[in-house]
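What you see below is based on every heavy atom in this structure, not just the backbone, and it leaves out hydrogens, waters and symmetry mates. Being a predicted model, the structure only gives us computed values, none of them experimental. In what follows, every chain begins at residue 1, and chains take the letters A, B, ... in the order their sequences are listed.
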Amino acid sequence: MLSITNLHASIEGTPILRGINLEVKAGEVHAIMGPNGSGKSTLASVLAGREEYEVTEGEVVFQGKDLLELAPEDRAREGVFLAFQYPVEIPGVSTTNFLRTAVNQVREYRGLPALDAVKFLSVMKEKMKLVEIDQKLLSRSLNEGFSGGEKKRNEIFQMAMLEPTLSILDETDSGLDIDALRIVSNGVNKLKSDKTATIVVTHYQRLLDYIVPDYVHVLYNGRIVKSGTKELAMELEEKGYDWIKEEVNAASV
Amino acid sequence: MTTTTNNNILDSILSQVPSGSSFSDLRESSSNFLEKKGLPAIKEEEYKFTSITKKLENSISDFSFAKKSDLNSETVESHVFDAFEGDLLVFNNGSFEKDLSKISNHGYTLSLISDAKPELLGKIAKTEKDPFVALNNIAFEDGVYLKVPKNQKVEKPILLLFLNQSNEGQVIHSRILIEVEDNAAVTFLEDSVSLDDKTYFSNMVTEIKVGQNSQVHYNRLQNESKNTITVNNTETDIHRDAVFTSVLVSLSGDMVRNNLSLNLLDSGCEGNMYGLYLLNGKTHVDNHTNVDHTKPHAQSNELYKGVLADSSRGVFNGKIFVRQDAQKTNAFQQNNNILLSEDAIVNTKPQLEIWADDVKCSHGCTTGQLDEEALFYLRARGLGKEQARGMLLYAFTGEVMDHISDEAFQNHIVNIVQNRLGSNF
Ligand SMILES: Nc1ncnc2c1ncn2[C@@H]1O[C@H](COP(=O)(O)OP(=O)(O)OP(=O)(O)O)[C@@H](O)[C@H]1O
Ligand SMILES: [Mg+2]
């Protein structure tokens, strides 16, 4: 489904990603871990099409299409979804308000008929249950004054509404208490199928108890320096990253 | 200081004023004032960013007063916004058109200034306040005096529709005097329309008295052609426990200067000023507002927002004056701007003069670009770039339009704004 080859990206001339390789197949869950500042969010942003990042080398193919060629909105319409690490606040725009337009633009792109107001509402109601989110929250200014947990739940709610093929969750678990974590993870799990894939960026092994990964990758200094299965996450939880840094530094000498 | 050309403009305007007309005292004192003061010279502090006199010199070739245009009820009808319900007052190059108006007189009385000769005329808008008030005092041919008597609530809004057009002369003077007595309420809508694209200069004065415990809402739309030069002086006297709210939406014009003054004359009164300017091309809009707190326990709120594209220019100058007597004043002022192009400019300046010590005053201004983070967020959810941009700008402007107190007028303005945000920017 997604194939990243030798991806290099920089911001304002500073290289951040230095040769990422990653294959994601339908039905799979990939976890990406790594120390702060290693480039995890950068990778997620580059995949979603944030324009500040310059891709200097490499390619990304998503379902046979050159993803890097597409505008951010077309990537979303093709089925890429990014749950932001830090969802932005937008005064005066409510979730309900923009999502109806967004959903219909996505549907139009996919050749589906638009949802009218009534249908939209009933789909919304159904997806709201999935993440136990309140309608009142959805008619307030987007993320303004939302708690950390509310912001993250709203991200997953939007994911449910947009029905993506590839979901990239950037630290959706950070700052969540155990109940909120369970709700969010349940939502994500219910949306999974053998036709979709998920990339979860996280610092915490506990998330992976809920969203069980097929592969775990460690990103360090803009490269994937180690890949393994969920046992790797346990090992990282126990030992931290120093041993990986040492391995990498030893190898590069 | 008065330049020669400036005098030429004045001379040609003054020479057309018929002698022996009423209000001779007002006209004479105004003449004396203008003779000394002249029209604003270049660099004059109050008109620092808005060289209105120069603009007049360069753009107006014929300083004759525009004659009335040929109007019929179809033309008028076509310029009344959709779903309007209420009384309609039509002005033809500033002259009131009784036959084309729709007047129920429910809850108010209406007369020509020349007939009623109201005492109040020129008492709210003081001659010395601005040269263009003085000029209007001298040059207005007639105008309308509208009075809402004590204890009366005017149920439906009153629409003042100004149909303007250069016609054997390019100068238009309009004059409105509104007197709302105690315990009354009324909503005004004002819409100015250019009948064609020819250049003209419109110099308007509106005086409003808001009597004790009364509520007046004045909603104004400025969407004339790109070739109009407009000066608007609106002066209000607000009495004890009264509330006055102004909403002003400026969308077009060549050069527009709005002077809005709220005189909070007693305790318990409240003045609100909301403004939106959505500018493109070379449109220049200058809002000078002035709120004068004279007595304790009054409050004022002000929110002006601007979106500027191309090489448009916005000026905001907000004066808050709190006199020594005016303890426990609450005064709030905010001006926020979004610049959509490198050539657009905003000059914003709060001017606070506070002589009382126990007051709550806050002010703030911001000028920036569209929030790129927010734009990316919406696009990442599948919203097209134009759509996302329009949505963000609309959200920014909505806060002002929310205050338009008539639903049909609000819908009308919202539609224009949404269209502009969707395509023109
Ligand atoms: N706008 C920017 N300008 C300059 N440097 C940036 C910018 N954004 C990110 N960086 C740098 O890029 C590097 C990678 O950042 P990124 O946010 O991708 O890390 P991360 O792995 O997601 O970290 P965290 O675990 O803290 O979320 C960091 O060194 C960061 O300082
Ligand atoms: Mg990150």
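Other residues, nucleotides and ligands contribute more than 12 heavy atoms inside 6.0 Å of the CD atom of A/E144. Counted within 6.0 Å of CD on B/E407, heavy atoms from surrounding residues, nucleotides or ligands total 12 or fewer; the atom is thus considered open. Heavy atoms from other residues, nucleotides or ligands lying under 6.0 Å from NZ of B/K282 number 12 at most. Within a 6.0 Å radius of CG in A/D116, other residues, nucleotides and ligands contribute more than 12 heavy atoms. Residue B/E270 places its CD atom among more than 12 non-hydrogen atoms of other residues, nucleotides or ligands, all under 6.0 Å distant. The 12-atom threshold is exceeded at NZ of A/K192, counting heavy atoms of other residues, nucleotides or ligands nearer than 6.0 Å.
No part of A/L99 comes within reach of chain B, as not one of its non-hydrogen atoms sits under 4.5 angstrom from that chain. Proximity to chain B is limited to the side chain of A/F81, based on heavy atoms less than 4.5 angstrom apart.
Side-chain contact check for B/L378 versus A/I90: some heavy-atom pair is nearer than 4.5 Å. Within the 4.5 Å cutoff, side-chain heavy atoms of A/N97 are placed close to those of B/M391. In this structure, the side chains of A/E52 and B/E373 come closer than 4.5 Å at one or more pairs of heavy atoms. When side chains are defined from C-beta on, B/R381 counts as touching A/E155, because their heavy atoms get closer than 4.5 Å.
Residues of residues 101-111 of chain A lying under 4.5 angstrom from chain B, judged on non-hydrogen atoms, are A/T101, A/A102, A/Q105, A/V106 by number.
B/L383 CG to A/R100 CZ: the interatomic distance, rounded to the nearest 0.5 Å, is 13.0 Å.
Taking 4.0 Å as the cut-off between side-chain N and carboxylate O, A/E51 and B/K385 do not count as a salt-bridged pair.
Two rings, from B/Y377 and A/Y86, have their centers 6.0 Å or more apart.
By number of non-hydrogen pairs under 4.5 angstrom with chain B, the leading residue of A/P72, A/S141, A/P164, A/G92 is A/P72. Interface remark: of the candidates B/G382, B/A380, B/A395, B/G382 forms the most heavy-atom pairs closer than 4.5 Å to chain A.
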Exercise for the section: Please test B/E372 against A/R50 for salt bridge (charged side-chain N to carboxylate O under 4.0 Å, His left out), starting from the C-alpha separation and ending with a verdict. Expected result: CA-CA 10 Å; B/E372 289 293 331; A/R50 194 187 284 268; over 6 Å; no
Handout entry: side chain to side chain contact (heavy atoms under 4.5 Å, CB included) assessment of A/E73 paired with B/E386
Key = CA-CA 11 Å; A/E73 56 270 35; B/E386 289 301 304; over 6 Å; no
